[in-house]
Amino acid sequence: DLPMADPFTQYLVRDAQDAAPPRRVTSPARVIINPISGTGGRRDVVRQRVQLAESLARLHGVDLQVAVTERPGHARELAQSALAAGVTTLLAWGGDGTLNEVASVAAFQPAVMGLIPSGSGNGLARELRIPLDARAAFAIALTGPERLLDAGEIDGHLFFNVAGIGLDARVAHEFAASGLVRRGFRRYLEITLRELIRSIADEHTIDVDGAAIRVRTLMIAIANGRQ
């Protein structure tokens with residue numbers, strides 16, 4: 001079963017033109033920047049992101065803390081320390097992995113989260129109509145309306161966009177293991193085609209509301225969005 005977001009405890013993502021009226025951020029915020037997301041680890045791009053974040057915070061009159069991740073899992077730690085220090089607005093600057101780490105901490109807490117997309121896919125950002133331009137995304141995160149987002153859970157791990165079993169999971173694993181040199185949609189497509197040729201459909205049993213459904217398929221996707 002997938003737990004639904006509790007409307008009394010969690011406002012997770014600020015965006016959506018048809019959501020609640022805009023509300024300005026009045027408390028301290030922390031932006032967590034993944035330095036390799038969409039940059040290949042280029043130090044000049046990382047510095048530019050830090051400077052841009054500080055500049056936009058001043059523009060919007062927001063007390064903003066800037067933190068840069070140093071390793072996998074670090075975004076989660078930075079989000080946890082922010083909440084412990086009383087920060088209630090978290091901005092995740094990166095791809096779907098960065099989003100997942102930060103959102104997993106913010107979920108079901110008295111906090112909100114904004115997304116500054118800079119990954120290879122940015123599936124959830126596209127689904128939520130969050131601009132890929134950092135300045136526009138910042139404006140939505142800091143002044144836009146709030147929106148509830150459902151969370152799914154597998155083996156104690158939360159997910160907010162798509163969780164896959166089978167082909168989808170293998171493609172995601174290979175893409176993550178490919179390193180920083182070859183990223184982007186073209187690389188993702190290459191891996192997908194290669195794994196599609198190799199894959200063999202498996203038998204699965206899906207339990208939905210007490211009804212067992214047996215299927216033979218290459219993959220199963222559990223999704224909030226379409227990407």
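Both backbone and side-chain heavy atoms feed into the values below; hydrogens, waters and symmetry mates do not. Since the model is a prediction, treat every value here as computed from it, not as a measurement.
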Peer 1: Under the criterion side-chain contact (heavy atoms from CB on, under 4.5 Å), which of Leu124, Leu99, Leu132, Thr98 is the partner of Pro117?
Peer 2: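 The passing option is Leu132.
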Peer 1: Would you say the side chain of Ile191 lies within less than 4.5 Å of the side chain of Arg194, judging by non-hydrogen atoms?
Peer 2: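 With C-beta onward as the side chain, the pair touches.
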Peer 1: For Asn224, what residues pass the side chain to side chain contact (heavy atoms under 4.5 Å, CB included) criterion, not counting sequence neighbours?
Peer 2: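 For Asn224, the residues satisfying side chain to side chain contact (heavy atoms under 4.5 Å, CB included) (neighbours in sequence not counted) are Leu149, Asp150.
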Peer 1: Hey, could you give me the CG/CD1 distance between Asn122 and Ile130, rounded to the nearest 0.5 Å?
Peer 2: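 The CD1 atom of Ile130 is 9.5 Å from CG of Asn122, to the nearest 0.5 Å.
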Peer 1: Do Gln80 and Gln109 touch side chain to side chain, with heavy atoms closer than 4.5 Å?
Peer 2: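 Of all side-chain heavy-atom pairs linking Gln109 with Gln80, none is under 4.5 Å.
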Peer 1: Only counting residues at least two apart or in another chain, list the ones meeting side chain to side chain donor-acceptor pair (under 3.5 Å) with Thr217.
Peer 2: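 For Thr217, no residue satisfies side chain to side chain donor-acceptor pair (under 3.5 Å) once neighbours in sequence are set aside.
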Peer 1: Mind checking side chain to side chain contact (heavy atoms under 4.5 Å, CB included) for Ala79 and listing every partner two or more places apart, or none if nothing turns up?
Peer 2: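 With neighbours one apart ignored, the set is Ile32, Leu90, Val102, Val105.
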Peer 1: Any idea which heavy atoms bring Ile154 and Ala163 closest together, and the distance?
Peer 2: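 It is CD1-CB, 3.8 Å.
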Peer 1: Take Leu158 and Phe108 through the side-chain contact (heavy atoms from CB on, under 4.5 Å) test and state the conclusion after the steps.
Peer 2: CA-CA 11 Å; Leu158 296 179; Phe108 312 115; 4.3 Å; yes
Peer 1: Rest of the hydrophobic cluster containing Val162 (Ile/Leu/Val/Met/Phe/Trp/Tyr, side-chain heavy atoms under 4.5 Å)?
Peer 2: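 Other cluster members: none.
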Peer 1: Would you say Ser37's side chain and Ser118's backbone share a donor-acceptor pair under 3.5 angstrom?
Peer 2: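 Yes: the side chain of Ser37 pairs with the backbone of Ser118.
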Peer 1: Does Thr69 have any side chain to side chain donor-acceptor pair (under 3.5 Å) partners at least two apart in sequence or in another chain, and if so, which?
Peer 2: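 Thr69: no side chain to side chain donor-acceptor pair (under 3.5 Å) contacts found.
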Peer 1: Working to the nearest 0.5 Å, report the span between CG of Leu193 and CG of Leu189.
Peer 2: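 It comes to 4.5 Å.
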Peer 1: Minimum heavy-atom separation for Ser104 to Arg76, with atom names?
Peer 2: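 Result for this residue pair: CB-NH1, 3.7 Å.
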Peer 1: Quick one: does any side-chain atom of Asn100 pair with a main-chain N or O of Gly97 as donor and acceptor, under 3.5 Å?
Peer 2: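 The answer is no, because no donor-acceptor pair under 3.5 Å joins these two groups.
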Peer 1: If you measure from CG on Leu91 to CG on Leu64, what distance do you get to the nearest 0.5 Å?
Peer 2: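 The CG atom of Leu64 is 6.5 Å from CG of Leu91, to the nearest 0.5 Å.
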Peer 1: Where is the tightest heavy-atom contact between Ile140 and Pro131, given as atom of each residue plus distance?
Peer 2: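 Here Ile140 and Pro131 meet closest at CD1-CD, 3.2 Å.
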Peer 1: Taking it one step at a time, do Phe138 and Ile116 satisfy side-chain contact (heavy atoms from CB on, under 4.5 Å)?
Peer 2: CA-CA 7 Å; Phe138 249 96; Ile116 317 299; 3.7 Å; yes
Peer 1: Could you give the side-chain donor-acceptor pairs of residues 50-58 under 3.5 Å, partners two or more places apart or in another chain?
Peer 2:
none

Peer 1: Is Val62 close to Thr89 at the side-chain level, that is, under 4.5 Å between some pair of heavy atoms?
Peer 2: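 Sidechains of Val62 and Thr89: no contact.
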Peer 1: For Asp133, what residues pass the side chain to side chain contact (heavy atoms under 4.5 Å, CB included) criterion, not counting sequence neighbours?
Peer 2: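 Residues passing side chain to side chain contact (heavy atoms under 4.5 Å, CB included) with Asp133: Arg135, Ala136.
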Peer 1: List the residues meeting side chain to side chain donor-acceptor pair (under 3.5 Å) with Arg216, not counting sequence neighbours, and say none if there are none.
Peer 2: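 Arg216 satisfies side chain to side chain donor-acceptor pair (under 3.5 Å) with no other residue.
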Peer 1: Mind checking side chain to side chain contact (heavy atoms under 4.5 Å, CB included) for Thr192 and listing every partner two or more places apart, or none if nothing turns up?
Peer 2: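 Result, side chain to side chain contact (heavy atoms under 4.5 Å, CB included) vs Thr192: Val171, Tyr188.
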Peer 1: Of the non-hydrogen atoms in Leu218 and Ser199, which two are nearest, and what is the gap between them?
Peer 2: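 Looking at all heavy atoms of both residues, the closest pair is CD2-CB, 3.8 Å.
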Peer 1: Can you tell me how far CG of Asp96 sits from CG of Asn161, rounded to the nearest 0.5 angstrom?
Peer 2: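 So the CG of Asn161 and the CG of Asp96 are separated by 5.5 Å.
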Peer 1: Work out which heavy atom in Pro28 is nearest to a heavy atom in Val87; give both atom names and the distance.
Peer 2: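 Scanning both residues, the minimum pair turns out to be O-CG1, 3.5 Å.
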Peer 1: Taking all heavy atoms of Met219 and all of Leu167, pick out the closest pair and write down the distance.
Peer 2: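 Minimum heavy-atom separation between Met219 and Leu167: CB-N, 3.8 Å.
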Peer 1: Please go through Ile220's hydrophobic cluster and name the other residues, only I, L, V, M, F, W, Y counting, with side-chain heavy atoms under 4.5 Å joining them.
Peer 2: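 Ile165, Ile206, Val208, Ile213, Val215, listed by chain and number.
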Peer 1: Write out all pairs satisfying salt bridge (charged side-chain N to carboxylate O under 4.0 Å, His left out) with one or both partners inside residues 155-170, taking only residues at least two apart or from two chains.
Peer 2: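 For residues 155-170, and leaving out neighbouring residues, the salt bridge (charged side-chain N to carboxylate O under 4.0 Å, His left out) pairs sorted by first residue read Arg170-Glu195.
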Peer 1: Residues two or more places apart in sequence or in another chain: which of them pass side chain to side chain donor-acceptor pair (under 3.5 Å) with Arg30?
Peer 2: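 Partners of Arg30 under the side chain to side chain donor-acceptor pair (under 3.5 Å) test: Gln65, Ser81.
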